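Taking it in order: structure first as structure tokens, then the write-up.
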Amino acid sequence: MLKGRHLIDPMDFSVEELTQIFDFADKIISNPQKYSDLCKGKILATLFYEPSTRTRFSFEAAMLRLGGQVIGFSEPNSSSVAKGESIADTIRTIACYADITVIRHPKEGAPKLASMYTDMPVINAGDGGHQHPTQTLTDLLTIRSKLGKLKGLTIGLCGDLKFGRTVHSLIKAMSRYENNQFVLISPKELQIPDYLRKYLVENKIDFKEVERLEEVIDKLDILYMTRVQRERFFNEEDYIRLKDSYILDIEKMKQAKEKMIVLHPLPRVNEISIEVDKDPRAYYFEQAKFGMYVRMALIAKLLGVDE
Amino acid sequence: MLKGRHLIDPMDFSVEELTQIFDFADKIISNPQKYSDLCKGKILATLFYEPSTRTRFSFEAAMLRLGGQVIGFSEPNSSSVAKGESIADTIRTIACYADITVIRHPKEGAPKLASMYTDMPVINAGDGGHQHPTQTLTDLLTIRSKLGKLKGLTIGLCGDLKFGRTVHSLIKAMSRYENNQFVLISPKELQIPDYLRKYLVENKIDFKEVERLEEVIDKLDILYMTRVQRERFFNEEDYIRLKDSYILDIEKMKQAKEKMIVLHPLPRVNEISIEVDKDPRAYYFEQAKFGMYVRMALIAKLLGVDE
Amino acid sequence: MLKGRHLIDPMDFSVEELTQIFDFADKIISNPQKYSDLCKGKILATLFYEPSTRTRFSFEAAMLRLGGQVIGFSEPNSSSVAKGESIADTIRTIACYADITVIRHPKEGAPKLASMYTDMPVINAGDGGHQHPTQTLTDLLTIRSKLGKLKGLTIGLCGDLKFGRTVHSLIKAMSRYENNQFVLISPKELQIPDYLRKYLVENKIDFKEVERLEEVIDKLDILYMTRVQRERFFNEEDYIRLKDSYILDIEKMKQAKEKMIVLHPLPRVNEISIEVDKDPRAYYFEQAKFGMYVRMALIAKLLGVDE
């Protein structure tokens, strides 16, 4: 039962609950018109204590396409709510006006704290470098829709695997499905953190770590790209030696399977060459659309208005 | 007849007109669904030349829950309307787009000035330290709903009674109803201003002024708390001697009547201990909800769409 | 066929296409209720990389009055979309959430560039000092509505004719209709740019250039006022000699035809004396209302939802 629940951590929902959300998202995708008044009379509050236009737009469009309405702020300084008031008081006031709330906050744990003071569903839309659970839901729905399953897949994750919360959450989320294999492609300095490696080992998850995308791209069902920032390298020499390996271009795409899908949480800077955009395997813009649909399904489920 | 009127000063409406608004708010509270399309096709403009998230959210949620729509800005720098244009020109342009407008402005008198240039209803949502009439409406509706009447009450107002516009407006508004008694609890330096004391004396209103909440809390039907800022005290000695007297905690609540209600305009800083939140007499969060309902009633009345 | 088209330059649409838009605007004006659900289920994105409250409000009110919804940002710093992402990527992401997009951008050509990467209709709401096509549509609809035609008119344009993009676009747009005569009223330093004079000469358009409004006001069917900024004058002497000539007051209005209409793109500073506001020939506030109606017609046509 998802009605009245919060979503703070990507692992808050069971595999069965995720399936309910994805099944409902599929229904919406196949007949959006049918659900266009589902949230009539409901209000979503979007509290963005840190700007994130893309995520905010995705949530707002989701609520509006369900026939609901939106109130909110998009940056902290326009928010007197923020000044000298505890988040506990803020959320209890917001609960007077809204039916469901999305919070993005620079401090880890802020959405969790808010959720403890209200019965209104609270969705974490990113708290510092910590969690961003609806990005994970977006990734899973995209994979499920495009490949027809979430198990038995070889998943390449490429770029900065040390600091990228998106990647950590996706690895943990995909680990819950059978027979998935992870190929972790990064410079040595930017490999996954120890806690995550320990998690993979303890749960007997099949994974390997490599330095170069070229070595493994032909094995992958999914290639999940993220950015590698120059300043994250320990020395210039390594950067020069490796940088091209983390840029996806049409040359590398030639080595990839015909049915591989390329994903990216966006915004992309230059880690995917723009010439790849035309490749039918490039799904990162369509992924943004799945992000909206999965948020529609999530909102409807948490409000308990799904039929 | 409230249709087409402005609300600039809390005393703009007669007691009878206030009763109409509160009666309509009661109807909405008992059957919100019935009124969910009342403002369909109408647009509210929220012009916040000074940020106030709470007030803005309350108005926006009110309009959306009536089926209306909202346009607006939430801080001056995002408003080119503000630059080099008179408020008279701005309001005449806004009247081309919207059906009713809410203005919050740092300058006293700005909403009044705007209202003089348009037939569209204008609501003052706070002008400097001057007036904030919908807060007063909120307070009255909360009292009426929780205590069943607006007369024959002993009303304690505690904290900074010198600078708090909310308190001044509430005293004047409650003075219009029979047999109310005011207990004004504040440090000597922060007593009500002379004009207001003169008003009370001339109108033969029953009031007394005390320094300590503990002395009087057992007599009160309503305790209206506001903040006392340290820098408002003339000397440190007084501050140390009195500060605890202006913090409401469970010890003081033990002395209060079983049916007393605690109100606060919010945001609260530390003048009400968080342990009081669980006391059933603590109504300050519910008060915020009445704020939304009274604004729904007000908007409907000014637009003349109430049935 | 306007469905799916972009509007980047005021000359993008043929005279016939403009007529379709204006005819549809007339229908909306005469029966707004009939069209109040025309865009139900559609979302407009308003991407304002530069603040412009008036233009944003006009577009948002237009979409809401058609029953559609709006997402957007009103200044660049609240937009993470803006950071480190190409406008090509941004628009492709926005196209996942919205059905039609309005862009205001400080850089010339940005809306054009965006439109090249999407099938979603893109409307230019001002790009630097370059183009602002919906202002031109507003001006034309106002003239057509108030004077019943767009040809055979004597059109005075007064003020800074060198830098004002509004004026340049209006001259080009009105040149497409038969027998219009332009009277260009400005200081020598602020006459129309050479490319525009060349355009008028080559197309055998009837125009004359004068320095003083008083000389010609009695001949005009339309007087289009714009601001002359003091710092645009080359010398103080000229400024003192001429400044009063570019302020429209009741004295000058006495010389004008009884049916002349005064227009202004707003905001007005002091180039029209406020006493003129009461003159029935002053149409600049009503012009803002036509701006909303023409945007309603435009949105409906580009979305292909007009009946």
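Letters A, B, ... mirror the listed sequences (proteins, then strands); counts begin at 1. Note that this is a predicted model, so its numbers are computed, not measured.
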Practice problem: Just give me the residue among B/M292, B/Q33, B/R65 that pairs up with chain A most often, heavy atom to heavy atom, under 4.5 Å. | Solution: B/R65
Quiz item: For A/D119, does the CG atom have more than 12 heavy-atom neighbours from other residues, nucleotides or ligands under 6.0 Å away?
Solution: no
Quiz item: Taking atom CG of B/N270 and atom OG of A/S86, what is their separation to the nearest 0.5 Å?
Solution: 11.0 Å
Quiz prompt | Residue A/A88 versus chain B: region with a heavy atom under 4.5 Å | solution = neither
Practice problem: Find the distance between CD1 (A/I94) and CZ (B/F285) and round it off to the nearest 0.5 Å. | Solution: 11.5 Å
Quiz item: Which answer fits B/Q69, side chain, backbone, both or neither, if we ask what part of it has an atom under 4.5 Å from a heavy atom of chain A?
Solution: side chain
Quiz item: Who pairs with B/H105 by ring-ring contact (aromatic ring centres under 6.0 Å, His included), at least two apart in sequence or on another chain?
Solution: B/Y49
Quiz item: Does a side-chain heavy-atom distance below 4.5 Å link A/K40 with B/D37?
Solution: yes
Practice problem: Please check if the side chain of B/R56 supplies one atom and the backbone of A/G72 the other of a donor-acceptor pair under 3.5 Å. | Solution: yes
Quiz item: side chain to side chain contact (heavy atoms under 4.5 Å, CB included) with B/F57: which of A/T93, A/I43, A/L47?
Solution: A/L47
Quiz prompt | Distance, nearest 0.5 Å, that separates CD of B/E286 from CZ of A/R92 | solution = 13.5 Å
Quiz prompt | A/V70/B/E60 under side-chain contact (heavy atoms from CB on, under 4.5 Å): CA gap, chis, key distance, verdict | solution = CA-CA 9 Å; A/V70 177; B/E60 293 187 3; over 6 Å; no
Practice problem: Assess whether atom CE of A/M11 is packed by more than 12 heavy atoms of other residues, nucleotides or ligands within 6.0 Å. | Solution: yes
Quiz item: Is the backbone of A/D89 close enough, under 3.5 Å, to the side chain of B/R268 for a donor and an acceptor to pair up by distance?
Solution: no
Self-check item: Heavy-atom side-chain contact between A/Y97 and B/S58 under 4.5 Å
Solution: yes
Self-check item: Residue B/D277 versus chain A: region with a heavy atom under 4.5 Å
Solution: side chain
Quiz item: Would you say A/K112 has more than 12 foreign heavy atoms packed within less than 6.0 Å of its NZ?
Solution: no
Quiz prompt | Atom of A/E85, atom of B/P267 and distance for their closest heavy-atom approach | solution = OE2-CB, 3.4 Å
